[in-house]
Structures are given as C-alpha cells and as structure tokens.
Amino acid sequence: MAPMSERPEPRQRWQDVAGLAQIDVAEALSRAIGDGRLDGDRYRNWLAMESALCRIGALTMDAAARWHGTQPDLQACALGWSGHLRGQAAAAALDVQAMGDAASVSALPLDQWRAFIESTCGSQRAGEAVGTALLHGHLSEGAMRPLLGAIRSLPFAGPDRSRYLAKRLEPVDEGVREQRKALLNAYSAAALSIGAQRAARWYGEAMSRLLAPATS
C-alpha cells in the first residue's frame, strides 16, 4: 500500500478517506492472494491484528460515552457501538484460537495507534480518536466486501475460522446508522477526517509489514 502523507488534509471527508483506504487494502490483499503470500500464518496474524484494533475502537467509544454523559441518546449509541466492536474482537480472537498456533502482532505498528487513542479520546481532540475508529470500522465496506467474501472461501478460512469475517459483513441496521450519524455530528468534520487519515496510514503500514514476503 502506498504510504499516505504524514500531514493529514482536513479538507478530505472521512468518507472519502475510508473509500480510498478500502481500495488500497483490497488491492494489497488481492495481490497477496494472487501470489500466495496470504497464507494461514499471515491470515491468523491479520485476525489477531483485527481483534486488537476492534478492542482499541471499543475503548474509543467507551470514552465517547463518558464524553456525552449529559446526552443520554448519544451516550447509549456510543456504548452500543463499543459493545458491537467488542463482539467483533471476540469473534476474531476465537478464529485465531481455532487455528491452533499463537498469533503475533508485536511487529505491527499498533502501539502508536493505541497511544494516540489514550492521549486524545478524553480530550478536545476526541473527534480525531473517533475518526480512527470510523476508518477501521468502514474497511469492510465498498471494494472490500467482495474480497472479504472471497477470503472466506480460502482453505485456511473455513467456517470455524471466519466468524469475524461473517460479523464484519453483516449489514448495519438502518436505525443504528442514524443513531451513529447523530453521534458523529457532535464532532467536527475536520477532526473526523484527520483521525481517519492517521488510521489509514497506520493500517497501511501494518498491512505492508503483515504481507511482506518472507525473508530467507
């Protein structure tokens, strides 16, 4: 994946950032499938990474719920979103366990993402933290949907190893979408965009390392 600029462009809508990231990740995964680099080991490590990022997203929404403590509807939406992300994290963890061997994400740049969330999600920059969760949450949309469906048919991603993918491909209820839109309206579009761009860059770096050819 091509690295994004170190300086986020707040004029980009977070939706556009997510759309470009979907294309980049789908192309990277397609190439990896085509040349055999997406094997069982890399798939297991990707699942472990996804589980970690879903947990980070859940922490973000927990903080958003506290931020909106005087707004019951927004608080309830954030808590529901957090629970949804924890369910995805648990599904990915179960899929990793079903594959037997332990997975490792120590070489992936997740600490930077987690540290950013911890330093911003309870501050005036909370919108940027929410933007990172938005980016990751929407990576199963657009160009990624048919590819994730194809991954489920690979030998190492059988039914007991693709519970996470099944959850990611589930459509979001329209009522829930409207509630989430209301929550997002509490943050500036620029902040959401900046956070999404940071997350797109970090996710791209993680995927580049994850899918790198094995060294001899």
Side-chain angles (χ1 to χ4, degrees), residues 1 18-61 80-110 113-114 132-174 176-177 199-200 202-216:
M1 293 175 62
L20 291 173
Q22 290 159 8
I23 293 170
D24 285 347
V25 176
E27 289 178 348
L29 285 171
S30 294
R31 288 194 298 270
I33 292 171
D35 61 22
R37 279 182 293 123
L38 185 61
D39 54 15
D41 288 342
R42 288 187 178 90
Y43 178 67
R44 184 176 63 247
N45 289 340
W46 176 75
L47 285 171
M49 180 181 83
E50 288 294 299
S51 183
L53 289 177
C54 287
R55 290 195 300 272
I56 291 172
L59 292 174
T60 302
M61 292 304 162
W81 205 335
S82 173
H84 180 75
L85 290 170
R86 282 193 168 83
Q88 291 183 342
L94 284 172
D95 287 347
V96 171
Q97 292 175 12
M99 298 186 77
D101 296 332
S104 173
V105 295
S106 59
L108 304 179
L110 303 186
W113 194 323
R114 185 180 292 104
T132 67
L134 279 176
L135 187 283
H136 182 245
H138 281 75
L139 281 180
S140 57
E141 302 293 331
M144 283 290 290
R145 290 191 74 80
L147 183 62
L148 292 180
I151 290 175
R152 294 183 71 191
S153 68
L154 295 174
F156 49 77
D160 63 338
R161 298 170 184 171
S162 61
R163 284 164 287 205
Y164 173 69
L165 294 183
K167 278 189 172 292
R168 285 303 295 259
L169 290 169
E170 288 176 354
V172 178
D173 179 81
E174 190 58 34
V176 172
R177 284 187 183 274
W202 293 332
Y203 197 89
E205 291 171 0
M207 291 298 290
S208 293
R209 296 188 195 184
L210 188 73
L211 298 175
T215 55
S216 56

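Note that the coordinates shown come from a computational prediction; the quantities given were computed from them, not determined experimentally. Any value given below was found using the heavy atoms of this structure, including those in side chains, with hydrogens, waters and symmetry copies removed.
Considering only heavy atoms from C-beta on, Thr132 stays 4.5 Å or farther from His136 through its side chain. Counting heavy atoms from C-beta on, the side chains of Arg114 and Leu59 never come closer than 4.5 Å. For the pair Leu211 and Arg31, the minimum side-chain heavy-atom distance is 4.5 Å or more. Residues Tyr203 and Leu53 are in side-chain contact: their nearest non-hydrogen atoms beyond the backbone lie under 4.5 Å apart. With contacts defined as side-chain heavy-atom distances shorter than 4.5 Å, the pair Leu165/Asp95 does not qualify. Counting heavy atoms from C-beta outward, Ser162 and Tyr43 have side chains that approach closer than 4.5 Å.
Here Leu29 contributes atom CG and Asp24 contributes atom CG; the two are 11.0 Å apart, rounded to the nearest 0.5 Å. Going from atom CG of Leu47 over to atom CZ of Arg163 covers 10.0 Å, rounded to the nearest 0.5 Å. For the atom pair OG of Ser140 and NE2 of His138, the computed distance is 8.0 Å after rounding to the nearest 0.5 Å. One distance of note links OH of Tyr164 with CG of Leu94; it measures 13.5 Å at 0.5 Å rounding. Rounding to the nearest 0.5 Å places CE of Met207 at 11.0 Å from CZ of Arg42.
Shown here for Leu135 and Ala21, the closest heavy-atom pair between the two residues is CD2-CB, 4.0 Å. Smallest separation of non-hydrogen atoms from Ser153 and Ala150: OG-O, 2.6 Å. Annotation for Met61 and Ala133: closest pair CE-CB, 4.0 Å, computed over non-hydrogen atoms. The two residues Ile151 and Ala157 come nearest to each other via the heavy atoms O-CB, 3.3 Å. Leu139 and Met144 make their closest contact through O-CG, 2.9 Å (heavy atoms, listed as atom of the first residue, atom of the second, distance).
Residue pairs meeting the ring-ring contact (aromatic ring centres under 6.0 Å, His included) criterion with at least one member in residues 19-38, sequence neighbours excluded, do not occur. Sorted by first and then second residue, the salt bridge (Lys or Arg N to Asp or Glu O under 4.0 Å) pairs involving residues 135-146 (not counting sequence neighbours) are Glu141-Arg145.
Judged by distance alone, the side chain of Thr60 and the main-chain N or O of Ile56 form a donor-acceptor pair under 3.5 Å.
With sequence neighbours excluded, no residue satisfies salt bridge (charged side-chain N to carboxylate O under 4.0 Å, His left out) with Arg152. Residues satisfying the side chain to side chain donor-acceptor pair (under 3.5 Å) test with Arg37, not counting sequence neighbours, are Asp35. With sequence neighbours left out, Arg177 forms a side chain to side chain donor-acceptor pair (under 3.5 Å) with no residue at all.
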Discussion item. Before you tell me yes or no, could you show the steps for Leu147 and Val25 under side chain to side chain contact (heavy atoms under 4.5 Å, CB included), namely the whole-Å CA-CA distance, both residues' side-chain angles and the distance that decides it to 0.1 Å?
Written reply: CA-CA 10 Å; Leu147 183 62; Val25 176; over 6 Å; no
Output side-chain donor-acceptor pairs under 3.5 Å for residues 80-91, partner residues at least two apart or in another chain, one line each.
{"from": "Ser82", "atom 1": "OG", "to": "Ala58", "atom 2": "O", "distance (Å)": "3.3"}
{"from": "Ser82", "atom 1": "OG", "to": "Asp62", "atom 2": "OD1", "distance (Å)": "2.7"}
{"from": "Ser82", "atom 1": "OG", "to": "Arg86", "atom 2": "NH1", "distance (Å)": "2.5"}
{"from": "His84", "atom 1": "NE2", "to": "Gln88", "atom 2": "NE2", "distance (Å)": "3.3"}
{"from": "Arg86", "atom 1": "NH1", "to": "Asp62", "atom 2": "OD1", "distance (Å)": "3.4"}
{"from": "Arg86", "atom 1": "NH1", "to": "Asp62", "atom 2": "OD2", "distance (Å)": "3.1"}
{"from": "Arg86", "atom 1": "NH2", "to": "Asp62", "atom 2": "OD2", "distance (Å)": "2.7"}

